[in-house]
Amino acid sequence: MDWDEFADWGRRVADYGAGYHRELRDRPVRPDVKPGSVLGQLPKAPPEEGCSMTSILEDFDRIVMPGITHWQHPRFFAYFPANAAPPSMLAEMLVAQIAPQCMLWQTSPAATELETRMIDWLRQAVGLPHGFHGVIQDSASSATLTAMLVMREKVLGWKGNAEGLSEQRRVRIYCSDQVHTSVDRAAWISGIGQDNLIRIPTVAGDPKRPMDVAALRAQIRSDRADGYLPAGIVGATGGTSMGACDRIWELAEVAGSQGLYLHVDAAWAGAAMICRSFRELWRGVEKADSVVFNPHKWLGAQFDCSAHFVRDPDALRQTLAIRPEYLRSHAHAEVTDYSEWTIPLGRRFRALKLWFLLRYYGLEQLRQMVRNHVTWSRALARRLEGEPDFEIVTQPVLSLFTFRHRGDDAHNLKLLEQINADGRIYLTQTRVDGRLAIRFQAGAFAMTGEDAETAFYTITGMARIMR
Ligand SMILES: *Cc1c(COP(=O)(O)O)cnc(C)c1O
């Protein structure tokens with residue numbers, strides 16, 4: 001392909017994208033496809049001869065698009081958002097075209113230095129104090145894994161040797177039952193093991209379901225007495241199921257007095273901290289050792305972009321850095337090589353979309369979006385609560401709440417399926433105290449107040465039909 005053709009197709013692809021977004025509101029959020037239907041349309045063997053872009057793009061429209069779940073749909077209320085704001089898309093288009101590798105400073109100096117500045121902009125935006133440094137990880141799962149590796153290394157005395165390997169079975173990490181499954185995976189992958197990830201009960205009666213710190217202290221005490229090595233605590237700000245929030249200030253106190261490393265997972269809720277009024281949810285976060293939030297969820301810097309803040313980058317580097325000769329960049333002792341802060345060596349240029357996003361909207365427009373989502377979600381919860389057969393199971397934490405319709409789990413699952421088959425909105429489910437509950441979160445970049453109306457009428461309308 002020559003560059004004139006590239007320019008021509010580039011314009012057509014951009015036009016296709018704009019058209020898609022203009023009409024997105026009219027599409028069902030979730031596709032109506034049977035498992036295997038896309039696979040069945042793809043030739044079993046790779047092509048020997050090339051073909052034209054015209055036919056590739058036709059097939060894309062015909063085969064791929066009907067099987068896409070529309071995450072940018074204004075009425076995507078499932079899971080958490082994976083917002084891609086238009087300026088962020090433009091940045092990603094540029095990144096795709098320049099295609100740099102950003103593992104070391106010298107493999108793309110501008111990418112490294114932009115990353116340093118963007119992480120610091122984000123630090124200020126969410127109100128973390130000076131002294132936090134950071135890196136853009138591919139995902140919160142990776143940030144949590146690296147934090148857990150640091151916990152392990154610190155408590156074992158920085159030895160990735162045989163002695164360390166046998167001792168790691170004594171390492172213990174503490175969290176509540178509300179943390180994301182990425183915490184379990186981090187425990188498996190780090191070699192600490194599921195058995196050493198200790199679930200501390202949550203405070204009964206507190207709707208935010210914070211970890212019971214008295215139980216945490218007692219567990220640490222008895223673990224030490226039994227010869228275990230308490231290493232760290234993973235706190236949640238905005239758990240995935242229902243938005244649970246630990247009392248970070250209490251966890252920080254325990255971590256401080258016990259010499260444990262505190263990692264806070266605010267993958268979703270962290271974005272809301274650009275609004276000062278929501279920061280009470282993670283009070284004490286300034287005392288954490290490690291904090292992660294995903295600009296690729298609510299904020300609009302498209303996947304993937306996870307901001308990982310740490311107070312002591314040396315601890316991260318001591319855990320992960322490895323310097324064979326071919327990666328040594330002689331003569332630049334003062335530069336940052338971010339691949340020493342992350343597990344993969346190769347790194348995408350993720351800072352550019354943050355730069356575009358933050359400059360285009362400014363924090364104030366992003367704050368307004370977050371505040372709107374929270375307002376609309378709370379209003380919807382109030383309205384559903386006022387309906388005779390609906391019950392709010394967990395009250396809104398930011399823009400996330402859960403509800404049930406009168407009836408058993410099977411009835412609620414059926415209602416959920418009917419709502420999603422209708423196509424106007426998309427919701428998912430969770431379990432709260434063993435019972436099925438339907439989740440609602442408002443967070444789509446393109447959402448308006450009218451979309452919340454549509455959610456109300458769809459939910460109540462489908463429930464009426466089912467009676
Ligand atoms: C989404 C989410 C994660 C996982 O994020 P990835 O970036 O997909 O790894 C972890 N924790 C919480 C609380 C989340 O909401």
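Just so you know, ligand 1 is whichever comes first in the structure, and atom 1 is the first atom listed for that ligand.
Considering backbone and side-chain N/O atoms, Asp138 never comes within less than 3.5 Å of an N/O atom of ligand 1. Taking any N or O of Ala140, backbone or side chain, at least one lies under 3.5 Å from an N or O belonging to ligand 1.
Nearest protein heavy-atom neighbour of atom 11 (N) of ligand 1: Asp265 OD2, 2.6 Å. The protein atom (non-hydrogen) at minimum distance from atom 9 (O) of ligand 1 is Ser141 OG, 2.5 Å. Given atom 4 (C) of ligand 1, the protein heavy atom at minimum distance is His180 CE1, 3.4 Å. Looking only at heavy atoms of the protein, atom 15 (O) of ligand 1 is closest to Lys297 NZ, 2.8 Å.
Each of the following atoms of ligand 1 lies closer than 4.0 Å to a heavy atom of Gly238: 13 (C). Every atom of ligand 1 is numbered from 1 in the order shown, and the set under 4.0 Å from a heavy atom of Asn294 is 5 (O), 6 (P), 7 (O). Near Thr240, meaning under 4.0 Å from any of its heavy atoms, are these atoms of ligand 1: 12 (C), 13 (C), 14 (C), 15 (O). Counting atoms of ligand 1 from 1 in the listed order, those under 4.0 Å from a heavy atom of His296 are 7 (O).
Counting heavy atoms closer than 4.0 Å to ligand 1, residue Val179 contributes nothing at all. Only side-chain heavy atoms of Ser182 come within less than 4.0 Å of ligand 1; its backbone N, CA, C and O stay farther off.
Between Arg117 and Asp120 no salt bridge is recorded (no basic side-chain N to carboxylate O distance below 4.0 Å).
Aromatic ring pairs are classed by plane angle as parallel below 30°, tilted from 30° to 60° and perpendicular above 60°; the pair Tyr338 and Trp341 is perpendicular. Ring pair Tyr79/Trp71 is parallel by interplanar angle, where below 30° counts as parallel and above 60° as perpendicular.
Looking only at distances, no side-chain donor or acceptor of Asp451 sits under 3.5 Å from a matching main-chain atom of Met447.
Checked against ring-ring contact (aromatic ring centres under 6.0 Å, His included), Phe80 has the following partners two or more places apart in sequence or in another chain: Trp268.
Side-chain contact annotation: Gln302 with Gln72, donor-acceptor N/O pair under 3.5 Å absent.
Between Tyr426 and His70, the ring centre distance reaches or exceeds 6.0 Å.
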